[in-house]
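Here is the structure we will look at.
Just so it is clear, the structure is predicted and the values come from calculations on it, not from any experiment. For reference, positions follow the sequence shown, starting with 1.
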Amino acid sequence: MGYYHTVVSWLERLKCGITSGELYQTVENVLPKERWHWHLNPNDFPITHTVCGERF
């Protein structure tokens, strides 16, 4: 899997009422942080801004 698949999974899972933990786990399941060493912008949680596919 890679970046594109992660963004697709993230967008498919995104909905009103989703918790940051649920969204985080979606990304972790597709693109394990331990292997890929990604970091999230802490300002992204809770998600209150326009959705942007460039976060991961």
Side-chain angles (χ1 to χ4, degrees):
M1 304 296 166
Y3 175 81
Y4 176 78
H5 185 73
T6 303
V7 172
V8 169
S9 297
W10 182 63
L11 290 172
E12 288 176 343
R13 183 81 165 106
L14 195 60
K15 65 180 179 181
C16 290
I18 191 171
T19 67
S20 57
E22 291 171 315
L23 191 55
Y24 180 95
Q25 193 58 54
T26 297
V27 173
E28 177 64 29
N29 290 342
V30 177
L31 198 73
K33 185 175 183 177
E34 187 174 308
R35 178 177 178 200
W36 295 95
H37 309 287
W38 51 262
H39 298 278
L40 296 178
N41 181 341
N43 293 325
D44 286 347
F45 297 108
I47 301 168
T48 57
H49 57 78
T50 304
V51 174
C52 177
E54 297 299 319
R55 297 291 184 203
F56 298 103

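- Taken from CH2 in W10 to CG in L23, the straight-line distance is 6.5 Å, to the nearest 0.5 Å.
- To the nearest 0.5 angstrom, L11 atom CG is 11.0 Å from T6 atom OG1.
- Transitive grouping of hydrophobic side chains (ILVMFWY, heavy atoms separated by less than 4.5 Å) keeps V8 and Y3 in distinct clusters.
- The shortest heavy-atom contact between I18 and E22 is CG1-OE1, 3.3 Å.
- Under the side chain to side chain donor-acceptor pair (under 3.5 Å) criterion, S9 pairs with no residue, sequence neighbours left out.
- Scored by the side-chain contact (heavy atoms from CB on, under 4.5 Å) test, E28 finds Y24, Q25, P32, K33, W38 as partners (sequence neighbours excluded).
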